[in-house]
Number of protein chains: 2
Amino acid sequence: MGLNIKDIAKLAGVSPATVSRVINGTGNVAEENKQRVLKVLEETGYKPNALARGLLMNKTNVIGVIVPDLSNINFAEFVKGIENEAKSNGLSVLLTTSENDTDSEISYFQLFKEKRVDGIIFSGTIFTERHREELEKADIPFIVFGQWFEHPKLTCVNVDNERAAYEATKYLISKGAKNLSMIMGPLWDRSAGYDRYSGFLKAIVEEGINPKDIVLEEGDFSIKSGYKAMKSILERKKIDGVLAANDFMALGAIKYLVDKGINIPDEVQVMGFDDNIISEIYNPSLSTIKIDFYEAGKMCVKAFIDTTDNKPIDKNILLPYQLIIRRSTK
Amino acid sequence: MGLNIKDIAKLAGVSPATVSRVINGTGNVAEENKQRVLKVLEETGYKPNALARGLLMNKTNVIGVIVPDLSNINFAEFVKGIENEAKSNGLSVLLTTSENDTDSEISYFQLFKEKRVDGIIFSGTIFTERHREELEKADIPFIVFGQWFEHPKLTCVNVDNERAAYEATKYLISKGAKNLSMIMGPLWDRSAGYDRYSGFLKAIVEEGINPKDIVLEEGDFSIKSGYKAMKSILERKKIDGVLAANDFMALGAIKYLVDKGINIPDEVQVMGFDDNIISEIYNPSLSTIKIDFYEAGKMCVKAFIDTTDNKPIDKNILLPYQLIIRRSTK
DNA sequence: TTGTAAGCGTTATCAA
DNA sequence: TTGATAACGCTTACAA
């Protein structure tokens, strides 16, 4: 096996305590001894055992991260943001993916407990009684991304989805859309499902349109479901504008319209949500609400750090968003 | 803080050793005591401290993973494969991203050493003397993805890029392309750069074409560089087929061709590499060599496990690939 | 079948 | 300024 601190101490002719002091820069060490230790450290390539240190200090400098799915480029960006911000703060990332499955999520909470991570960044769509139980038991900072779950121990990082959807809808209306439709996400997803739907509705009502006259379809955030939803909408009503609850569904919708030879944006305007990297290069390029997932990841780590530093911190952190107009709208 | 094994022992009226035996299923425990311990475990939600256990057992059940960039959906898929396979084998993933920067990579090797990970899965493009030094010092399994680095301690998982590029080129020729060009990756990237270029060349030469008559451009695997490369190629020569060293560059090329009103595939056929998820939905959809990054990730974990189990294992593991024909070729 | 005790590699305390 | 020692929480001989 590798060397331990005693070996280094022997090689440098000092005690383990002195070696520890040199490594951590704690306490005073005579310059001569310090140099000798440094030299041995350099020569041997010794690295202190983080397990032993963690055991003693009750701190691992590791954060546990749970995301639904890395295939979704948004979450990949999110994790990238977390990883980069973690790195610059001397933290490591223990990564898990849950597919939004509650059983998995709970088992990861427990795994993180075993591994004694310093904090957890959680991105999931539902928060059950079981989640709550685990949370009660845990005594580490807990950051949630993408939802507003009510719990005193939770810090939530999210965008104001309702307002964003409201603005996007208003934009479509301002560009002449009169017969609007929406491809919603599942409503049990409070943020990307319900709140976006709710913002859309608000704009519609404000315009004096009867919600009953609106044709809605629900998708599962996949490209395919967007395609199907668009088809189903057009079979029921002639529309001239559609808001999708995410870019994938919007792209699916565009694909259907293109397949049918329907002109975008002249006949139908399409607006997405998230600003997926695909949206910019797609043909036609997609107008959308940009949410910066990379930045969101960094934000979560910062929130974690502030919490551990006992800085006062908002329980609900609002992320900025941005309306990006491309070719799929006028 | 949380409970420890002594607390559990006290609560169950047994010794810590007995609790340990129950938790790990080692040694014999009287049924009655076992039930009592199990009950306390259940009630308290106690989780053993993995740090203490790891310290003692010299094993953490954690693998360190280094990838260049999670923004690249291929690597995101790769990590997903790793994570899923790791999970099913009771392993956790410590994730880092390096941007292909050697300094970062080396520092992650050292971080992993501190954290006492059980193995490392490394995806990078270059292997320097410094990499070699770190490798020599390490005594854990080391799996490399996407390159063939020569080193006795290394297990490499990769596709036969040369043959794949050769086949792709042959396909274009079989479909009538006579004036071919290639958008290469940087040649210092042995696999995705050099080997793919080399396979292209081989097919060209075999066709009796003088390599000097071929117009080549080098990109950096980004969409933008593909766009620029296509522009530059067309300014120098009229071609009817192009192979790009990855899908992003191929998509950039397509975008340029579409912008210029050049018909795909009638005037120019385009072939990519990797099978990015975008490639299928792009307009026109992109023909490509599919490399299953998710599967590759699983493969790396399996290679790691086989190594630790002392199973005989190939030092060079070949991944399958697949020619996928879509609308960008005939 | 059970419990005691040693030891894994650190850091912090305290005395020298 | 330095070093001996205890402690972190666990597993495993070994003894009972």
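Note on naming: letters A, B, ... go to the chains in the order of the sequence lines (proteins, then strands), and numbering restarts at 1 for each one.
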Asker: Nearest heavy atom decides the nucleotide; on that basis, is B:Asn24 or A:Val14 closer to the 5' end of DNA chain D?
Answerer: A:Val14
Asker: Could you please name the option among D:dC10, D:dG3, C:dC8 that lies closest to any side-chain atom of A:Ala17?
Answerer: D:dG3
Asker: Hey, are the side chains of A:Ile23 and A:Ile8 touching, using non-hydrogen atoms and a 4.5 Å cut-off?
Answerer: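 Contact flag for A:Ile23/A:Ile8 side chains = no.
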Asker: I need the CZ-P distance between B:Arg53 and D:dT11, as an integer number of Å.
Answerer: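 The answer, rounded to whole Å, is 5 Å.
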Asker: Mind checking A:Asn49 for me? I need base, sugar-phosphate or nothing, with any heavy atom below 4.0 Å counting as a touch.
Answerer: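 It contacts sugar-phosphate atoms only.
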Asker: Under 3.5 Å, is there a donor-acceptor pair between the B:Lys115 and B:Thr60 side chains?
Answerer: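 No donor-acceptor contact under 3.5 Å links the two side chains.
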Asker: Does a side-chain N or O from A:Asn28 land closer than 4.0 Å to OP1 or OP2 of D:dT2, or not?
Answerer: no
Asker: Taking atom P of D:dC10 as reference, at what distance in whole Å does atom CD1 of B:Ile23 sit?
Answerer: 7 Å
Asker: Would you mind telling me which of D:dT11, D:dT2, C:dT2 lies closest to the side-chain atoms of B:Ser20?
Answerer: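 Closest nucleotide among those given: D:dT11.
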Asker: Please report the distance, rounded to the nearest Å, between CG in B:Asn33 and C1' in C:dG3.
Answerer: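 Checked: the CG to C1' distance equals 11 Å.
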Asker: For D:dC8, take OP1 and OP2 only and decide whether either is under 4.0 Å from a side-chain N or O of A:Asn58.
Answerer: no
Asker: Would you call B:Arg130-B:Asp103 a salt bridge at under 4.0 Å N-O?
Answerer: yes
Asker: Are any of A:Asn4's side-chain N or O atoms less than 4.0 Å away from OP1 or OP2 of C:dT10?
Answerer: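 So the side-chain polar atoms of A:Asn4 never come under 4.0 Å of the phosphate oxygens OP1 or OP2 of C:dT10.
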Asker: Side chain of B:Ile5 only, heavy atoms from C-beta on: which candidate in D:dG3, C:dT2, D:dC10 is closest?
Answerer: D:dC10
Asker: Determine whether a donor-acceptor pair (N or O, by modelled atom type, separation under 3.5 Å) exists between the side chain of A:Lys34 and the backbone of A:Val22.
Answerer: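 The answer is no, because no donor-acceptor pair under 3.5 Å joins these two groups.
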Asker: Rounded to whole angstrom units, what separation is found between the CG atom of A:Leu3 and the C1' atom of C:dC8?
Answerer: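 About 15 Å, once rounded to whole Å.
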Asker: Looking at the side chain of A:Pro48, which of D:dG9, C:dG3, C:dT10 is the nearest nucleotide?
Answerer: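 The answer is C:dT10.
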Asker: Rounded to whole Å, please give me the gap between CG in B:Leu55 and C1' in C:dA6.
Answerer: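 B:Leu55 atom CG is separated from C:dA6 atom C1' by 13 Å.
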Asker: So does B:Tyr46 get a side-chain nitrogen or oxygen closer than 4.0 Å to the phosphate oxygens (OP1/OP2) of D:dG9?
Answerer: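 Negative; the distance criterion is not met.
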Asker: Can B:Lys137 and B:Glu134 be counted as an ion pair, charged N to O under 4.0 angstrom?
Answerer: yes
Asker: Reckon B:Ser15 has a side-chain N or O less than 4.0 Å from the OP1 or OP2 of C:dT2?
Answerer: no
Asker: Using a 6.0 Å cut-off, check whether atom NZ of A:Lys39 has over 12 heavy atoms from anything other than its own residue.
Answerer: no
Asker: Rounded to the nearest angstrom, tell me the gap between atom CD in B:Glu31 and atom C1' in C:dT1.
Answerer: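 About 13 Å, once rounded to whole Å.
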Asker: Pick the closest DNA chain C nucleotide for B:Ala30 and for B:Arg116 by heavy atoms, then say which residue is nearer the 5' end.
Answerer: B:Ala30
Asker: Under 4.0 Å from OP1 or OP2 of C:dG3: is there any side-chain N or O of B:Thr18 that close?
Answerer: yes
Asker: Where the side chain of B:Arg21 is defined as all heavy atoms beyond and including C-beta, which of D:dT2, C:dG9, C:dG3 is the nearest nucleotide?
Answerer: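 Closest nucleotide to the B:Arg21 side chain: C:dG3.
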Asker: Without decimals, in angstroms, what is the distance between B:Lys59 NZ and C:dG9 P?
Answerer: 17 Å
Asker: Given atom NZ of B:Lys10 and atom P of D:dG9, what is their separation to the nearest angstrom?
Answerer: 12 Å
